[in-house]
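Data first, discussion second: the structure below is written as structure tokens.
Just so we're on the same page: letters track the sequence lines, and every chain starts at 1. As a basis for the values below, the full set of heavy atoms in this structure was taken, side chains included, without hydrogen atoms, waters or symmetry mates.
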Amino acid sequence: MNISLNITKTITELLSGFMPEGAANIGAMVTIALIYLAIFAVAGLYLVLLERKVAAWFQLRLGPNRVGPWGLLQTMADALKLVSKELTGTVKADKFLYNLAPYFVIVSSLMALAVFPFTKEFQAFDINIGIFFLIAISSIGVIGILLGGWASNNKFALIGAMRSGVQTISYELSVGLSLLTMVLLTGTLQLSEIVEVQKNGWLIVQGHIPAIIAFMIYMIAGTAETNRAPFDMVEAESELGAGFHTEYSGMKFAYFFLAEFINMFIIAAIATTVFFGGWLSPFGITESIPWLGVFWFIGKTFLLVFLMMWFRWTFPRLRVDQLLTLEWKYLLPLNLLNIILMAVIVWLNLTIQF
Amino acid sequence: MSYFGDIYKGIKTLLTGMSVTGKYFLTSRKGAITQQYPDNKETLKMFERFRGEVVMPHDENNEHRCTGCQKCELACPNGSIEIIWDRQIDPESGKKKKMIDKHIYHLGMCTMCGLCIEACPTDAIVWAQNFENSVYDRSYLTKVLNQPNSKLKAGVED
Ligand code: SF4
Ligand code: SF4
């Protein structure tokens, strides 16, 4: 079977058949953006459903099972409900920023999706600073949260937004440094090449001890980055109502909600690409059928997403001071030590290669 | 070295927690505690310790164990129980004796604290496990627990 999944090239070629080149490029970009948007809006909905099911199973419940077979249409129904709801707002809100905030959040999380190599071919945008781009983009979302919290003119929203700021600024460091540790091993920032390097063993195997430490730190910091429990002080229900999105309703709330789930997917997808060989199959068992890579990629990503859900439904929420202690006293120093360890290992060629 | 000790302990306790929830996750399909209520209305049976309402069991001869001692009425913190009694001639001994007329129980006021059941010296009242207690008028919530023409079981008072 020979399916060409190189969508950027395929669509550009298709369009340039009847368009001037510049228009074809722009047309291709728009088409790809729409395809990604459609795929990930639906994927986001099903992530929500998955989360609810997993949560239910962790708590010995059944989870949604009424709408459609096994409740598969539940989140569709929820989305319809949210679309049909009135968009309320506060009188004293800063209207412009208030309306802008959800788009900031959702756009920044969708932008990050562009660079992931789902297979060798299926990658919308392969820039040579992929990891750097991801780290940069993933922290833009917090601006949306800060804006939303500030513009809502609501105490709870503001406190939630400020906590989010504190949290993202701190944990950004750990995410960046733990990925940097792995970059020491790959020697490149380009995601497609990072996957290429892993043909001799996934990086978590190649880099053994420091890679595992980096992975653990990355998962902790990544969970914090997505503002999910146990790091969900941003929307701590018992303290802040709904946190930064207290004043949002209907579709604007749904954007925040969807963004959270897409962010979770992104964090897991970065981990998949950097630690677990992206679309590579274990021991190269399906190497001859490249398009199967999509399933490997998605499969690994969902395992990691499941891990994050497991965290969420096991651990209690941290306090703000505990959160900062964890980052600045534990994760950061360990991370710096870990980088040195990794550098030594790469320098002495102690990596495990197959 | 308590710094690294803390990290070790932290990771260990986190993993312990995750293993607990993980076990729940794996067994959840069999042991789900959710009752899909209106669907299994026919078969749903509440567990033993469920507190539905206070009832007074009667045996086949329409006899109960309530002596009318009023201890439950005194024990109830919110006055959900009223005992109406009078002195009647006991047919066996021919003496005048305190006997129960009506044991009135206000389900609408009851907090299901169970103190009346604790207090009853003859175990005349027990918990029932029924749970579909909603009615259209609150007067239905006032119940007379002893059935009409019922009488005290012989030997309970001894
Ligand atoms: S259960 Fe408590 S509130 Fe209800 S009747 Fe008995 S003592 Fe009163
Ligand atoms: S129910 Fe028990 S406590 Fe209440 S009056 Fe009857 S015997 Fe006494």
Notebook entry, point to check: For atom CZ of A/Phe306, is the number of surrounding heavy atoms from other residues, nucleotides or ligands below 6.0 Å larger than 12?
Noted result: yes
Item checked: Exceeds 12 heavy-atom contacts within 6.0 angstrom, atom CZ of B/Phe50 -> yes
Next item on the list: Please indicate whether B/Asp137 has more than 12 foreign heavy atoms, meaning atoms of other residues, nucleotides or ligands, lying under 6.0 Å from its CG.
Entry: yes
Item checked: Nearest non-hydrogen partners of B/Tyr3 and A/Pro333, listed with the distance -> OH-CG, 3.9 Å
Check: Got a second to check how far B/Met18's CE is from A/Phe315's CZ, nearest 0.5 Å?
Finding: 5.0 Å
Next item on the list: Report, as yes or no, whether the 6.0 Å neighbourhood of atom OH on B/Tyr140 holds more than 12 heavy atoms from other residues, nucleotides or ligands.
Entry: no
Item checked: Nearest-0.5 Å distance that lies between atom CG in B/Asp6 and atom NZ in A/Lys329 -> 10.5 Å
Check: Under 4.0 Å between a Lys/Arg side-chain N and an Asp/Glu carboxylate O for A/Arg66 and B/Asp39?
Finding: yes
Notebook entry, point to check: Which residue out of A/Leu334, A/Thr314, A/Val54 racks up the most heavy-atom pairs below 4.5 Å with chain B?
Noted result: A/Thr314
Check: Of the backbone (N, CA, C, O) and the side chain (C-beta and beyond), which part of B/Leu26 lies under 4.5 Å from a heavy atom of chain A, both, or neither?
Finding: neither
Margin query: Tell me if the CH2 atom of A/Trp70 is crowded by more than 12 foreign heavy atoms within 6.0 Å.
Written below: no
Checklist line | Neighbour count >12 (heavy atoms, 6.0 Å) for atom CD1, A/Ile209 | finding: no
Next item on the list: Assign the ring pair A/Trp57 / B/Phe25 to parallel, tilted or perpendicular, where the plane angle (0 to 90°) is split at 30° and 60°.
Entry: perpendicular
Notebook entry, point to check: With no hydrogens and no angle check, do the side chains of B/Thr21 and A/Trp310 hold a donor and an acceptor under 3.5 Å apart?
Noted result: yes
